[in-house]
2 protein chains.
Amino acid sequence: MPRSAAAAKAATLHDVAREAGVSLITASRALSNPRLVSETTIERVREAVRQTGYIPNLLAGGLKSRRSMTVAGLVPIISVPQFLPTVQALTEALDAEGYQLILGQSGYDHAREERLVDTIIGRRPDGIVVTGLLQSARTREQLQRLRIPVVETWDLSERPVDMMVGFSHLKVGSAVAGYFLGKGWKRLGIATGDDHRAAQRRAGFLAAAGSDVPTVTVPAPSNVALGRRALSELLQKDPQVRAIYCSSDALAHGVLVEAAARGLRVPEDLAVCGFGGADFAAHLHPTLTTVQIDGAEIGRLAAKLILDRCAGRTIEQPVIDVGFRIVERESTGAAG
Amino acid sequence: MPRSAAAAKAATLHDVAREAGVSLITASRALSNPRLVSETTIERVREAVRQTGYIPNLLAGGLKSRRSMTVAGLVPIISVPQFLPTVQALTEALDAEGYQLILGQSGYDHAREERLVDTIIGRRPDGIVVTGLLQSARTREQLQRLRIPVVETWDLSERPVDMMVGFSHLKVGSAVAGYFLGKGWKRLGIATGDDHRAAQRRAGFLAAAGSDVPTVTVPAPSNVALGRRALSELLQKDPQVRAIYCSSDALAHGVLVEAAARGLRVPEDLAVCGFGGADFAAHLHPTLTTVQIDGAEIGRLAAKLILDRCAGRTIEQPVIDVGFRIVERESTGAAG
DNA sequence: CTGTTAGCGCATTCAC
DNA sequence: GTGAATGCGCTAACAG
């Protein structure tokens with residue numbers, strides 16, 4: 001029966017206990033609750049662990065204790081660098097407490113999200129961190145019913161499933177529009193991705209700027225090439241466009257490249273603002289004004305919320321606004 | 001006893017079986033092996049699943065069947081975009097077969113890698129994909145003893161733990177050096193990260209170029225700012241340096257920025273080559289020559305190897321060289 | 001086609 | 001301090 005090449009028989013706690021000449025439960029306690037066991041016994045068990053090469057089966061332990069020591073992380077698309085600092089900080093904060101991240105790619109479609117969350121729940125994670133809001137109503141109810149701690153991130157909403165760490169995309173949009181208007185620029189334009197949050201930022205922008213702002217929408221994930229094309233199309237819609245807000249720094253990079261190719265001077269002829277606070281923004285030519293988000297802080301706070309819940313601590317503030325900051329650089333007229 | 005706010009009692013297969021009026025095992029088979037069960041029974045069970053909101057506990061199933069339906073992915077640092085296409089392709093290929101990726105950050109240090117692999121093994125993954133080679137000898141032995149399928153990626157070596165999908169960093173280095181020399185450039189320089197693979201590329205470069213090549217080493221993860229500093233330091237070591245190989249596209253970007261700031265013309269005064277094939281490389285000014293790696297293909301192949309092993313299929317080719325390609329652009333003199 | 005029995009490896013009761 | 005029994009939720013093996 002070729003049951004695949006799966007794991008060879010690994011040492012179990014049973015083997016350790018026999019090797020150490022103690023009972024199963026004593027071996028268990030020696031490893032996970034040593035305060036209850038005498039020094040000498042602990043040492044005997046530790047030696048037996050070394051002898052046998054024992055590695056605890058966390059799946060089995062979790063079955064009984066109902067704690068899998070895993071947290072699921074859901075991102076729309078893995079290959080978008082925007083969320084990396086969040087995922088990184090999350091991983092590190094969880095790791096420090098012995099938790100492991102299970103990564104899932106939810107895509108931008110509700111059906112896929114539902115299926116993914118189903119298999120994720122099947123692994124009984126002790127918490128779930130989502131970048132963005134959970135879309136599916138069925139999923140939202142399910143998670144609430146099962147009382148799995150959930151943190152939605154990179155957004156704020158009136159109706160969190162559970163907890164939330166993010167910022168208002170509406171406010172980002174209106175802040176950038178206000179910033180442009182404050183500079184005296186009238187003819188504004190938008191180059192934006194087609195996801196929910198980018199749409200929110202656009203809505204905020206429109207609300208503050210008046211609704212006659214030409215917009216070019218590109219499919220997610222955005223990149224430099226799409227940014228170039230977006231500027232071309234914007235210039236067709238309004239050849240006099242003066243200041244452009246882009247929904248990502250990669251798009252903004254593309255707009256700068258295309259502007260240079262067309263001999264447009266930035267910021268004299270055209271002002272550009274990105275979003276995300278990518279590290280390269282400070283080194284483009286001209287340097288790129290952008291909306292800075294502390295993605296790592298979002299990850300750290302999300303981890304803390306989940307871990308607090310797991311430890312039964314009370315959560316003072318289940319919805320946290322981390323805010324944002326417009327970093328002014330040459331592309332909108334800051335001195336070089 | 002406030003056992004945290006952990007999962008509320010979820011429906012079990014037991015509940016489903018009772019609701020459907022069949023035995024436990026019949027319910028189990030109806031869901032996971034429906035060919036063995038009659039149509040009507042299947043429908044009754046499906047209805048019961050809907051009624052109860054049952055979601056299978058994969059942990060429990062895995063305990064008995066010895067298949068966790070998870071694969072662990074280890075990256076040195078999550079926030080480096082270089083491996084994203086690999087992680088993405090891996091996730092998608094695994095997801096298509098019902099497997100989930102568990103993500104771990106191994107860092108650049110052996111002790112950390114050992115600890116991480118220990119807790120990873122504790123979750124009994126059906127396979128492990130590592131970016132880079134496994135460093136710790138203890139870990140290597142452990143994985144071989146347990147017969148866990150392992151794919152090392154983004155490298156090739158004489159002594160794989162198990163399977164391997166990558167390319168030769170030595171050959172990359174010598175290929176770039178050969179390319180520079182073929183252009184007639186004599187005074188070469190290197191700006192490189194301090195990880196193992198970058199060191200291999202440098203070794204290959206030196207072997208092909210002669211060992212008198214000035215080198216600046218920067219700490220990983222590299223970025224644009226480090227690239228700027230690297231060029232400054234290289235120019236101190238050799239003011240006449242003519243062609244620079246960088247161990248990442250971000251570093252190369254920084255070198256281009258610093259060159260522009262110093263009034264050095266690229267490629268007339270200085271040629272630059274990056275590594276990785278980042279999407280922005282085609283849009284820098286000048287466009288950046290780089291060594292292109294098909295990271296997504298690496299992920300797909302790694303997934304296929306693991307899945308083949310899990311299914312008990314024989315592996316024709318356990319070590320795969322995906323090669324690389326120098327993409328020539330303006331920064332080394334290609335026509336704009 | 002369906003059911004009974006027996007664990008997977010561990011932690012949580014209870015006893016001593 | 002230590003130990004024996006029991007079961008977490010599910011599936012493999014063997015019966016019917």
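- A heavy atom closer than 4.0 Å to some atom of DNA chain D occurs in no member of residues 44-54 of chain A.
- Between A:Asn33 atom CG and D:dG1 atom P there is a gap of 13 Å when expressed in whole angstrom units.
- Between the side chain of A:Ser28 and the backbone N or O of A:Leu24 there is no donor-acceptor pair closer than 3.5 Å.
- Summarising the geometry, atom CD1 belonging to A:Ile121 is positioned 5.0 Å from atom CD1 belonging to A:Ile148; distances are rounded to the nearest 0.5 Å.
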Contact string for nucleotides 2-8 of chain D, one letter per nucleotide 5' to 3', B = base within protein heavy-atom range under 4.0 Å, S = sugar-phosphate only, - = neither, reads BB---BB
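- A salt bridge does not link A:Arg123 with A:Asp118: none of the charged nitrogens is closer than 4.0 Å to a carboxylate oxygen.
- Atom-to-atom distance recorded for B:His110:NE2 and B:Glu113:CD is 6.5 Å, nearest 0.5 angstrom.
- Within the 3.5 Å criterion, the main-chain N or O of B:Ala48 finds a donor-acceptor partner in the side chain of B:Thr52.
- Rounding to whole angstrom units, CG of residue A:Leu58 and P of C:dC10 are separated by 9 Å.
- Side-chain contact check for B:Glu114 and B:Ser136: at least one donor-acceptor pair (N or O, by modelled atom type) lies under 3.5 Å.
- At a threshold of 4.0 Å, the pair A:Arg44-A:Glu47 does not count as salt-bridged, since none of the basic side-chain nitrogens sits closer than that to a carboxylate oxygen.
- In the helix from C:dC1-D:dG16 to C:dC16-D:dG1, the rotation axis of the first five pairs and that of the last five pairs differ in direction by 30°, rounded to 10 degrees.
- A salt bridge is absent between B:Asp109 and B:Arg112; no separation between the charged side-chain nitrogens and carboxylate oxygens falls under 4.0 Å.
- One interatomic measurement links the two molecules: CZ of A:Arg124 to P of D:dC10, which rounds to 7 Å at whole-angstrom precision.
- Taken residue by residue, residues 115-123 of chain A places no heavy atom nearer than 4.0 Å to DNA chain C.
- In the model, A:Thr119 has a side-chain atom that pairs as donor or acceptor with a side-chain atom of B:Gln100 under 3.5 Å.
- Between A:Glu141 and A:Arg147, none of the side-chain N atoms (NZ, or NE/NH1/NH2) sits under 4.0 Å from a carboxylate O, so this pair counts as no salt bridge.
- Remark: P of D:dG9 and CG of B:Leu31 are 16 Å apart, rounded to the nearest angstrom.
- Not counting sequence neighbours, the partners of B:Asp195 by the side-chain contact (heavy atoms from CB on, under 4.5 Å) test are B:Tyr108, B:Arg197, B:Ala198.
- Between the CZ atom of A:Arg18 and the P atom of C:dG9 there is a distance of 13 Å, rounded to whole Å.
- Counting heavy atoms from C-beta outward, A:Cys310 and A:Arg67 have side chains that approach closer than 4.5 Å.
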Side-chain donor-acceptor pairs under 3.5 Å in residues 156-163 of chain B, sequence neighbours left out?
{"from": "B:Ser157", "atom 1": "OG", "to": "B:Arg159", "atom 2": "N", "distance (Å)": "3.1"}
{"from": "B:Asp162", "atom 1": "OD1", "to": "B:Arg309", "atom 2": "NH2", "distance (Å)": "2.9"}
{"from": "B:Asp162", "atom 1": "OD2", "to": "B:Val150", "atom 2": "N", "distance (Å)": "3.0"}
{"from": "B:Asp162", "atom 1": "OD2", "to": "B:Arg309", "atom 2": "NH1", "distance (Å)": "3.0"}

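- One interatomic measurement links the two molecules: CG of B:Leu59 to C1' of C:dA11, which rounds to 15 Å at whole-angstrom precision.
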